[in-house]
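One structure is given below, encoded as structure tokens.
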Protein chains: 2
Amino acid sequence: MKKKRISITDIANALNVTPSTVSRALNGGGKVSEKKRNEILALAKELGYRPNPIAKSLLENRTNTIGLIIPEFTHHFYSRMLAGIESVTSEAGYQLLICTSNENQAQEIKSTQTLLDARVDGILATISKMNDKFEHIQEEMDSGTPLVLVDRFSEEIETPYVISDDFKGAFSAVDYLCEIGCRNILHIKGPDNLSTTFNRFMGYKEALRKHEIELKEELLLESSDTNLLEKIRFCLTNHQVDGAFTYSDYLAFEIYKVASELNIPIPEQLSVIGYADEPISTYINPTLSTVNQQPFEMGAFGANYLLNKINNPEIALEIKNLETRLVIRGSCKGLEG
Amino acid sequence: MKKKRISITDIANALNVTPSTVSRALNGGGKVSEKKRNEILALAKELGYRPNPIAKSLLENRTNTIGLIIPEFTHHFYSRMLAGIESVTSEAGYQLLICTSNENQAQEIKSTQTLLDARVDGILATISKMNDKFEHIQEEMDSGTPLVLVDRFSEEIETPYVISDDFKGAFSAVDYLCEIGCRNILHIKGPDNLSTTFNRFMGYKEALRKHEIELKEELLLESSDTNLLEKIRFCLTNHQVDGAFTYSDYLAFEIYKVASELNIPIPEQLSVIGYADEPISTYINPTLSTVNQQPFEMGAFGANYLLNKINNPEIALEIKNLETRLVIRGSCKGLEG
DNA sequence: GTATATTGGTCAAACGTTTGACCTAATATC
DNA sequence: GATATTAGGTCAAACGTTTGACCAATATAC
């Protein structure tokens, strides 16, 4: 059984003063003599008094809690983001209430409700992949609870965002491939209807344009393609592919597989760049070049942003595009060609 | 600004009844006519009434919240465990309050205090690697808040545990290596003073004993060894090592590195088994055999255990040893070999 | 010596909810 | 027709804390 914790009233009774006096002694609101103050402080310490935040919450209509909804925990990207968030919130003295959507909108809706019910002071969320309903978000915003969305963007929701600059990230990768001499650069796109998929593709296109390389439809694949491996094989065999840029690191590994099968050496004949900088990238052989999205910083930035918004509701609606970092490893030829 | 949510009193005033009546109408405590009940329910729905759990918590001295302390988020093991925990708690209608210790005991102590202050109904924790103080845990237990420890065990703390059966897990791995004919099996131990390190080593020893293989000191390394790579190299060169069992998958990859350097083919000349089944194991070449600890199930089991303990404080103190699963992949010869 | 300010407190309301005790009017029992 | 029961409610306390309003006693100003 949870023991009854000692309360301000207990202390007050023990010393024959009123709870108000004890409260003021503890919080320094004046109106209490030095002598009484010391008595009270001493007894509070002796009894191990700890204020009850529940009571305070009820009174102040704030919980010092922020709610988090993420699609899942197991992707390295989200764990790192979570770590970034936690570092900021714990530093600021906020609690973190966590829900997951499992990329499932029904669960996302339920989580939103749960967090609103819990009276969190603000919500940090990454919307799930499958999204076609937005009423719950609208309800969230109507409630006056600050909302900051991270990682994924949706035209339908007008609220502050903290996202990674996918366009520039992809551009820097493909630009690098061009610089080292690649001319037939394969791209594997991500899932449909994600802003990230679109933006990375646009970055790819823009880099080709810059280097005056024609975009070839036959070098475009999609992660959802049935028989993706076979399509990669066809591509590598017939189109003199000398570079590849993929939506994710895992898709890059699919290219590794096919290349090894076809005895195409990486990076000598084929330079590969993935996306996300999964830790595995440094263990695979050859180590994978990739675009690091700095998820920790993203989470930290988002959390800071939200805390600001909580304490200053008039803060401007902003879409913050965070810089990425191109990480070149063994899967790419060097710059000298 | 967070909007004032509508309360039971608001409804009561609007309908000229007392809050008690509204409460009873909503919670079905009788004492309210069908007609009034319907009126109240209708208005509550129309106004979007949602009960305030803060007020309820204050009254009932329970928060429907459980606190979690984990060493870090980014290890796959902990993310999976977290996912398991979340699946159970959310299903049971409990909130999850998350803290991290960063493997740092000072922070662990602070987190414990934070969670107790928040009046969580129970705590689920993995103690940090560096632990020599236990007062905070004692204080936790004295508070009457149920505590369940997961993953790591300590002699000093008497409380329910949910841990993975490291002994059996290691035994099954080394037993397998013996079965396929390995006779000189290298073992790389984990960090000192972790129960897992000890138990996996004991499993290794027991398997050797079963197969009447002598334990050779020169085949034992430690993850903390300076110049570990060099020591592995020495071992592989001079001791006809034909099998390796490591405390973690990452240590197994170190063996991969050295083996590739020395042109020792895996699995033809050297069979390797790691521990933890990190996702990377299936991407590396050859794919890594490993011991899966079923972290999701572990988290789920721990959460269930804690919820039981919350609702029935008299539950027996138990140390639950969860089964592991040996996963054989490309890094081991087959059984016929 | 009167008016004013200061010190050190108390009182009560408020936050939103639940719940046991109480009340009243109608109905049932004999 | 007197009494007991019941249905349908109200009242007030309780959870722990904060805070504005109030009050008495003392100190200060002139």
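Chain A is the first sequence line, chain B the second, and so forth, proteins listed ahead of strands; every chain is numbered from 1.
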Are any of the side-chain heavy atoms of B/L96 and A/L97 separated by less than 4.5 Å?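 B/L96 vs A/L97: side chains apart.
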
If you define the side chain from C-beta out and look only at heavy atoms, does anything of A/I163 sit under 4.5 Å from A/V150?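 With C-beta onward as the side chain, the pair stays apart.
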
Looking at A/R152 and A/E103, does any basic side-chain N land under 4.0 Å from a carboxylate oxygen? yes

Side-chain ion pair, B/K133 and B/E139, N-O less than 4.0 Å: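 Judged by the 4.0 Å cut-off on N to carboxylate O distance, B/K133 and B/E139 do not form a salt bridge.
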
Just checking, is any N or O donor in the side chain of B/T18 or B/T21 under 3.5 Å from an acceptor N or O on the other one?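 Side chains of B/T18 and B/T21: pair found under 3.5 Å.
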
Is it true that the side chains of B/E108 and B/S128 contain a donor and an acceptor less than 3.5 Å apart?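 Checked: B/E108/B/S128 side chains pair up, N/O donor to acceptor below 3.5 Å.
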
Flag, side chain of A/R80 to backbone of A/Y78, donor-acceptor distance under 3.5 Å: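 Flag not set: sc A/R80 to bb A/Y78 has no pair under 3.5 Å.
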
Answer with base, sugar-phosphate or nothing: what part of the nucleic acid does A/N61 contact at a heavy-atom distance below 4.0 Å? nothing

Assign A/S33 to base, sugar-phosphate, or nothing according to its heavy-atom contacts below 4.0 angstrom with the strands shown. sugar-phosphate

Does A/K36 make a side-chain N or O approach to OP1 or OP2 of C/dG8 shorter than 4.0 Å?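 The answer is no; no side-chain N or O of A/K36 sits under 4.0 Å from OP1 or OP2.
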
Short side-chain N/O contact to D/dT17 OP1/OP2 from A/S23, under 4.0 Å: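 For D/dT17, neither OP1 nor OP2 has a side-chain N or O of A/S23 closer than 4.0 Å.
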
Minimum-distance nucleotide to A/K56 side chain [options: D/dT17, C/dT18, C/dT17]: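 Minimum distance to the A/K56 side chain belongs to D/dT17.
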
Can you tell me if NZ on B/K45 sees more than 12 non-hydrogen neighbours from other groups inside 6.0 Å? no

Between the opening five pairs and the closing five pairs of the helix from C/dG1-D/dC30 to C/dC30-D/dG1, how far apart are the helix axes, to 10°?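 Both end axes considered, the difference amounts to 50°.
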
5' to 3', nucleotides 10-15 of chain D under a 4.0 Å protein heavy-atom cut-off (B base, S sugar-phosphate only, - none) gives BBB-BB

Any residue meeting side-chain contact (heavy atoms from CB on, under 4.5 Å) with A/N131, in chain and number order, not counting sequence neighbours: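 side-chain contact (heavy atoms from CB on, under 4.5 Å) check on A/N131 returns A/Q105, A/I127, A/F134.
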
[X] [atom1] - [N] [atom2] separation (whole Å):
| X | N | atom1 | atom2 | value |
| --- | --- | --- | --- | --- |
| A/R50 | D/dG16 | CZ | C1' | 15 Å |
| B/L15 | D/dG9 | CG | P | 11 Å |
| A/K35 | C/dG9 | NZ | C1' | 13 Å |
| B/I6 | C/dG16 | CD1 | C1' | 11 Å |

